[in-house]
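The figures here come from the full heavy-atom set of this structure, side chains too, leaving out hydrogens, waters and symmetry mates. Because the structure is a prediction, the values reported are computed rather than measured.
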Amino acid sequence: MKKYWTGVVLALAAAVCWGIMSPIAKIVSAAGVSLMTAMVYRGFFVAATVGPLLYVTKGASIFRQSPRFLKFYMLSGFLTVVASGGGFLMSLEYLTVAEALIVHYMFPLVTLAGSCFITHEKPTRLQVLAGFMIVLGVYVGMVSGEKSFAGLSVPGMMWGIFAVIGISGQSLVVRRVAREVEIDQIVLLFYGHLFGAIMLLVGKTFFMGWSDLANITPQVFMLMNVQSLAGSLFAFGCFYTALKYIPAATVSLLCTLEIVTAVALTALLLSIIPTAREVFGCAVIMLAVVFATVKPKEYRENSTPGQALQE
């Protein structure tokens with residue numbers, strides 16, 4: 001029971017950290033800096049911060065991983081940085097914010113479905129209800145009243161679905177592996193962000209360029225560091241650790257508290273008063289999060305780490 005609630009607190013902490021990102025992203029984007037540039041920087045920031053710590057605490061051997069573990073870390077980086085982060089940002093290039101949000105927050109339902117087949121952890125009826133409540137809360141609070149959905153962009157939808165696959169896939173893959181082997185979350189944090197940043201760096205160089213670097217001022221650079229510290233280092237550290245203790249479906253549901261945090265911080269930092277619809281939508285999401293914290297009766301922490309990824 002203690003481990004279960006530790007996982008719940010860690011997942012909620014990750015959600016709060018990610019919620020900080022939205023108002024900061026608005027400021028960075030308004031300054032003329034591509035959010036893809038910010039994503040690349042976040043990846044290398046985490047690697048540069050965690051790498052020396054790993055060297056001091058674990059020695060140089062930590063940088064000599066088996067091919068199987070390297071494949072896992074590369075997949076993690078692709079799902080986390082490229083698919084989830086990059087996919088969502090690219091969806092915003094083609095869709096309205098309302099359209100992008102309603103597509104993105106389908107990820108808890110996708111994770112619930114995937115849990116049955118990938119991690120073999122069947123979600124409860126209350127969790128399924130919470131998943132649909134989250135979609136309802138996002139629609140009522142952030143989408144209803146918007147003049148959108150008249151002619152959905154196919155590329156935008158594809159990028160949005162790509163992002164959903166990324167965030168759901170990452171939850172499920174890490175949870176599956178964490179139940180079979182002992183994962184060091186710091187090592188996963190390092191390699192996942194390093195590989196993800198390299199992939200995104202190559203993609204942005206070929207398709208977008210780096211002309212936006214000229215718009216980075218000391219103030220914007222400071223905000224990019226806050227993004228990297230809270231949204232990547234702390235958030236993913238909590239996220240990966242939570243997946244050791246609780247199912248991926250539960251983690252995904254709890255992480256939707258991100259949108260409530262974003263609305264609250266936007267009101268505080270940007271002096272934008274939330275509408276009645278936004279307040280009601282956030283209330284629905286918070287109720288869904290409460291439902292998601294209910295511990296399944298049949299869930300037991302009885303998995304023993306094996307050697308599936310060892311040579």
Side-chain angles (χ1 to χ4, degrees), residues 14 17-18 21 24-25 28 33-54 62-63 65-93 104 107 111 158-178 183-210 212-213 224-243 248 251-252 255 258 309:
C17 288
W18 279 322
M21 297 302 97
I24 294 179
V28 172
V33 178
S34 169
L35 294 180
M36 296 293 278
T37 297
M39 282 296 301
V40 173
Y41 179 75
R42 285 166 61 177
F44 284 119
F45 177 95
V46 172
T49 303
V50 175
L53 175 64
L54 288 174
I62 199 65
F63 302 110
Q65 296 288 325
S66 69
R68 290 187 179 182
F69 269 108
L70 285 176
K71 290 178 183 178
F72 166 61
Y73 294 142
M74 289 181 70
L75 176 61
S76 176
F78 176 77
L79 291 173
T80 301
V81 180
V82 179
S84 179
F88 179 68
L89 294 178
M90 288 302 296
S91 72
L92 290 171
E93 295 286 332
H104 186 68
F107 80 83
T111 307
M158 295 302 293
W159 279 113
I161 293 171
F162 185 50
V164 170
I165 292 173
I167 190 170
S168 298
Q170 176 68 342
S171 301
L172 294 167
V173 168
V174 173
R175 175 62 179 173
R176 172 67 181 268
V177 174
I183 296 178
D184 188 318
Q185 282 68 40
I186 304 300
V187 177
L188 175 58
L189 196 64
F190 170 76
Y191 278 107
H193 280 78
L194 177 62
F195 285 134
I198 292 172
M199 294 176 197
L200 213 55
L201 173 69
V202 173
K204 190 174 187 299
T205 300
F206 279 99
F207 297 107
M208 300 177 68
W210 298 93
D212 59 311
L213 292 179
M224 290 171 64
N225 281 282
V226 173
Q227 273 190 319
S228 303
L229 190 65
S232 291
L233 187 62
F234 291 161
F236 277 102
C238 292
F239 176 77
Y240 292 147
T241 307
L243 287 166
V251 173
S252 291
C255 283
E258 166 194 356
L309 292 185

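- Using cut-offs of 30° and 60° for the angle between ring planes, the Trp159 and Phe162 rings count as perpendicular.
- Considering every non-hydrogen atom in both Leu188 and Ser76, the closest pair reads CD1-OG, 3.5 Å.
- Minimum heavy-atom separation, Ser91 to Gly160: CB-N, 3.7 Å.
- The closest side-chain heavy-atom distance from Leu70 to Phe195 is below 4.5 Å.
- Taking 4.5 Å as the limit, every side-chain heavy atom of Leu194 sits out of range of all side-chain heavy atoms of Tyr73.
- Distance check, rounded to the nearest 0.5 Å: CD1 of Ile24 to CG of Leu35 gives 11.5 Å.
- Scanning all heavy atoms of the two residues, the minimum distance from Ala47 to Pro52 falls at O-CD, 4.2 Å.
- Across Thr111 and Leu172, no two heavy atoms sit closer than the pair O-CD2, 3.8 Å.
- When side chains are defined from C-beta on, Val174 counts as touching Gln170, because their heavy atoms get closer than 4.5 Å.
- Within the 4.5 Å cutoff, the side chain of Leu201 has heavy atoms near those of the Phe44 side chain.
- In this structure, Met208 and Thr205 have side chains that are not in contact, with every pair of non-hydrogen atoms separated by 4.5 Å or more.
- Thr80 contributes atom OG1, which lies 8.5 Å from atom CG of Leu75 (distance to the nearest 0.5 angstrom).
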Pairs under 3.5 angstrom only: tabulate donor-acceptor contacts from the side chains of residues 226-239 to other protein residues two or more places apart or in another chain.
from, atom 1, to, atom 2, distance (Å)
Ser228, OG, Met224, O, 2.8
Ser232, OG, Arg42, NE, 3.0
Ser232, OG, Arg42, NH2, 3.4

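- Shortest non-hydrogen contact noted between Met74 and Met199 is O-CE, 3.6 Å.
- Relative orientation of the Phe72 and Phe69 rings is perpendicular, given thresholds of 30° and 60° on the angle between their planes.
- Looking only at atom types and distance, the side chain of Ser34 has no donor-acceptor partner in the side chain of Asp212 under 3.5 Å away.
- Side-chain contact between Phe107 and Ser84 is absent, with no heavy-atom pair separated by less than 4.5 Å.
- Counting only residues at least two apart or in different chains, side-chain hydrogen bond (donor to acceptor under 3.5 Å, both in side chains) contacts with residues 183-200 comprise Lys58-Asp184.
- Summarising the geometry, atom CZ belonging to Phe190 is positioned 6.5 Å from atom CG belonging to Leu54; distances are rounded to the nearest 0.5 Å.
- Atom-to-atom distance recorded for Ile183:CD1 and Thr241:OG1 is 10.0 Å, nearest 0.5 angstrom.
- The minimum heavy-atom distance between Ala163 and Gly87, with the atom names listed, is CB-C, 3.7 Å.
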Test log, rule side chain to side chain contact (heavy atoms under 4.5 Å, CB included), inputs Val187 and Gln65: CA-CA 10 Å; Val187 177; Gln65 296 288 325; 4.1 Å; yes
